[in-house]
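Residue numbering restarts at 1 for every chain, and letters A, B, ... go by the order of the sequence lines. Heavy atoms only: backbone and side chains are in, while hydrogens, waters and symmetry mates are out. Please read these numbers as outputs of a predicted model, since none were measured by experiment.
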Amino acid sequence: MSRTASETPVYIVGAGIHEFGRFDGPTGLDLAETATRRALLDAGLTWSDVGYAVGGSNVSGKPDSLVGRLGLTGVPFPTVRNGCSTGGLALATAAHALRAGEAEVAAVIGFDKHPRGAFDPDPAAYGLGDWYAETGMMTTTQYFALKAQRYLHDHGISSTTLARVAAKAFTNAESHPHAWRRKPLTVEEILAAPPVNPPLTQYMFCSPNEGAVALVLATGERAFDLTDHPVLLASVAVRTRTFGSFEVFSPWLTSGNRTSPSVDAAAAAFERAGVSPADVQVAQLQDTESGAEVIHMAETGLCEHGEQEDLLASGATDFDGRIPVNTDGGCLANGEPIGASGLRQVHEVVRQLQGRAPGLQAPGAPRVGFTHVYGSPGTSACTVLTV
Amino acid sequence: MSTDVDAGAAVRFVDPTLVSATDPVVLRGGRCAACATRTFPMQPSCPLCFAEEMTAVDLPRTGTVWSWTSQHFGPKPPYRTPAGGFTPYLLGYVDLGDNLVVEARLEGDVADPPAIGDPVVLTTIDAFTDDDGTVVRTFAFTAAPEVAR
């Protein structure tokens, strides 16, 4: 389904971030308020201009309660909660509302404030028996390791490539003012780090942390009134899993016909935007761990399965390579406040397309960007962004 | 094998609905009456053809390692830490054939992990101990005898 000429174009006209990290004192809602005020300032708007808002937080408060701080304007304010893909779902929900004529300006707000350590999900919330967690099989890091292990085996990818992904993330983060883990590490240091779940070591995983991002969207003419550099949200697509995908917290799988919601969401986003994966000049991919970035490169169509080995070795995904991936260091260097993470990706690509990247700017004035966020139990959201 | 419990200690299986027998252990899956898709555990409807009639089926006791990893940090609750404290353990997915792969603990030493494709057979391991001393077992796969090292 291609975007029709009559469809209302939606632009991103403002972006704001509360940097990711760990902060004593502020609540998740405090971080969200800061990001929202920064996004409004970036757009040259006030809260009273916002005609529709969507918020997302997995564990850190009710997003719509922000109206008590930002202003009781009566604005419609649905909230979404879709695990790690929450940010993408919030953006999609707001874009759909604008296209449906609900308003001309919308705010999208994502935030979270997680305790240290891996997530501790409730089996019942995933429709699983207590046995699955009690016997030590309900840890998200295991899923990523098991998927990566099989992928490396099937496609001839080395653990060195996994380490290169992490090394690239920390290199990109070193000069990025919003990034959390900015200390460069060598491929050798990353490979030699303690294992968490083989083939993944300590430095190949992102950590849950704290942060918030807000975006301001506007339709058509209004967008160009607000800024000289609006970024077109050429498409946003959301998909859940279909039969044959390999998802987190799966007591069983099929052995063949491998698919994924990322394959489906990316294909839908590219088709709707009328661009090809080969057109993408700057990308953000879900990199919960190194293997996820490698796998998602192929699942989203940016390369063929197995091609990642050469692409990472040749620096093709570096900030100045042929297809820069995770120019802000991704989840690996920023950590993952679930509700904010997908919007961080969009924030970074918007800045890259505007030519004002906070960290390393992809050269050559990129005009086509792509974002991909993935969350349990198998939801992906992708965007194509253009200028 | 997990027979190193005190004689007379009470033993229970972690979730009896997962198995149709415990000695030897047999996993109880679901089979769609309409399209023959199998699931583990048993579930009330088919995820492929959406039919709402699934029947219980015994799953094969042998398979091959489809993927593996090891767990090197103690998971948060509701994980139940063993009586002797957390020690790293192996787990993986085992291909039982006919397009069904099951996740399970793998018996063995994390320093000597299996390889993808290794033949394995179903067994039970002691997972943790209840407050009253009851030993709680779960299913696991272990190296098939012909490749035991």
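- There is a side-chain donor-acceptor pair under 3.5 Å between Glu336(A) and Gln286(A).
- Only the side chain of Phe139(B) has a heavy atom closer than 4.5 Å to any heavy atom of chain A.
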Residues Asp264(A), Thr259(A); criterion side-chain contact (heavy atoms from CB on, under 4.5 Å); working and verdict: CA-CA 8 Å; Asp264(A) 297 336; Thr259(A) 180; 4.1 Å; yes
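- Only the side chain of Phe128(B) comes within less than 4.5 Å of a heavy atom in chain A; its backbone stays farther off.
- Checked by atom type and distance alone, the side chain of His372(A) never pairs as donor or acceptor with a backbone atom of Cys382(A) at under 3.5 Å.
- Looking at Arg241(A), its side chain does come within 3.5 Å of a backbone N or O of Pro377(A) through a donor-acceptor pair.
- Top candidate by heavy-atom pairs under 4.5 Å with chain A, chosen from Ile116(B), Leu96(B), Leu100(B), is Ile116(B).
- Of the listed residues (Val136(B), Thr138(B), Leu48(B)), the greatest number of heavy-atom pairs within a distance under 4.5 Å of chain A belongs to Leu48(B).
- Of the atoms belonging to Phe246(A), it is side-chain heavy atoms, and not backbone ones, that fall under 4.5 Å from chain B.
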Leu152(A) vs Leu162(A), side-chain contact (heavy atoms from CB on, under 4.5 Å): CA-CA, chis, key distance, verdict: CA-CA 9 Å; Leu152(A) 266 55; Leu162(A) 298 179; 3.8 Å; yes
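- The parts of Asn197(A) that come within reach of chain B are both its backbone and its side chain, each placing non-hydrogen atoms under 4.5 angstrom from that chain.
- Taking chain B as the reference chain and counting heavy-atom pairs below 4.5 Å, the highest number among Pro194(A), Pro195(A), Pro121(A), Pro198(A) is found for Pro198(A).
- With chain B as partner, the option from Leu253(A), Asp122(A), Thr135(A), Leu128(A) having the largest number of non-hydrogen pairs under 4.5 angstrom is Leu253(A).
- Residue Pro77(B) touches chain A through its backbone alone, counting heavy-atom pairs closer than 4.5 Å.
- For Thr242(A), no part sits under 4.5 Å from any heavy atom of chain B, backbone or side chain.
- Options Thr17(B), Leu91(B), Val102(B) differ in how many heavy-atom pairs under 4.5 Å they form with chain A, and the most are formed by Leu91(B).
- In this structure, chain B has a heavy atom under 4.5 Å from the side chain of Pro123(A), while its backbone stays farther away.
- Side-chain atoms of Asn326(A) never come within 3.5 Å of backbone atoms of Cys331(A) as a donor-acceptor pair (strictly under, hydrogens ignored).
- Side chain of Arg61(B) to backbone of Val25(B): a donor-acceptor contact under 3.5 angstrom is found.
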Chi angles and distances behind the side-chain contact (heavy atoms from CB on, under 4.5 Å) call for Phe73(B), Thr139(A): CA-CA 10 Å; Phe73(B) 64 90; Thr139(A) 301; 3.6 Å; yes
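- The stretch residues 34-60 of chain B participates, sequence neighbours left out, in these side-chain hydrogen bond (donor to acceptor under 3.5 Å, both in side chains) pairs: Ser20(B)-Asp58(B).
- Comparing Lys147(A), Arg150(A), Gln149(A), Gln142(A) by heavy-atom pairs within less than 4.5 Å of chain B, the highest count is held by Arg150(A).
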